[in-house]
Amino acid sequence: ITCSCRIMKHDSKVMVRTDGDLIYVICNKEDQQKKVINKMCTNTCVLEHYEEWDEGEDMKWILTFRVLDEYEKQMELN
C-alpha cells in the first residue's frame, strides 16, 4: 500500500508505504523528519532505519519504522 499523508499542517506531505510490519516514510524536507518521528514512535512502533537519498534540491529522507509484535512491546509497570 502506498499513500500520501498529511503529517503536518500546510501542504508538507510525505509518502508512506507499508510492507508487513515495516512502515516507510519518505520526507521531502529535512524539517519533516523530527515531526514524523515524534508522531510515529510509540510503545508499539520504533524507528528501525534512516537513509538519506539523492542530493541537493532532490534530496529525500527515508525513515523506516517497525511495528512491534506482542513479545517486543514495552511492558507497562504498575
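Sequential numbering from 1 along the given sequence is applied to the chain's residues.
- Atom CD of E48 sits about 8.0 Å away from atom CG of D21, to the nearest 0.5 Å.
- Neither L22 nor I37 shares a network with the other; the hydrophobic side chains, linked directly or stepwise wherever heavy atoms of I, L, V, M, F, W or Y lie under 4.5 Å apart, form separate groups for each.
- Within the 4.5 Å cutoff, the side chain of V16 has heavy atoms near those of the I23 side chain.
- Across all their heavy atoms, W61 and K29 have their closest contact at CZ3-C, 3.5 Å.
- With hydrophobic clusters built from ILVMFWY side chains whose heavy atoms lie under 4.5 angstrom apart, Y24 does not share a cluster with L68.
- Nearest approach of M40 to F65, heavy atoms of both residues: CB-CE2, 3.5 Å.
- Atom-to-atom distance recorded for N28:CG and E57:CD is 12.5 Å, nearest 0.5 angstrom.
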Next on the checklist: Run the side-chain contact (heavy atoms from CB on, under 4.5 Å) test on L63 and C27 for me, step by step, so that the C-alpha distance in whole Å, both residues' side-chain angles and the decisive distance to 0.1 Å come before the verdict.
Outcome noted: CA-CA 8 Å; L63 306 174; C27 299; 4.0 Å; yes
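- For the residue pair Y50 and E52, a side-chain donor N or O sits within less than 3.5 Å of a side-chain acceptor on the partner.
- For the side-chain contact (heavy atoms from CB on, under 4.5 Å) test with V25, the passing option among L47, I62, V36 is V36; the others fail.
- In this structure, CD on E51 lies 13.5 Å from NZ on K60, to the nearest 0.5 angstrom.
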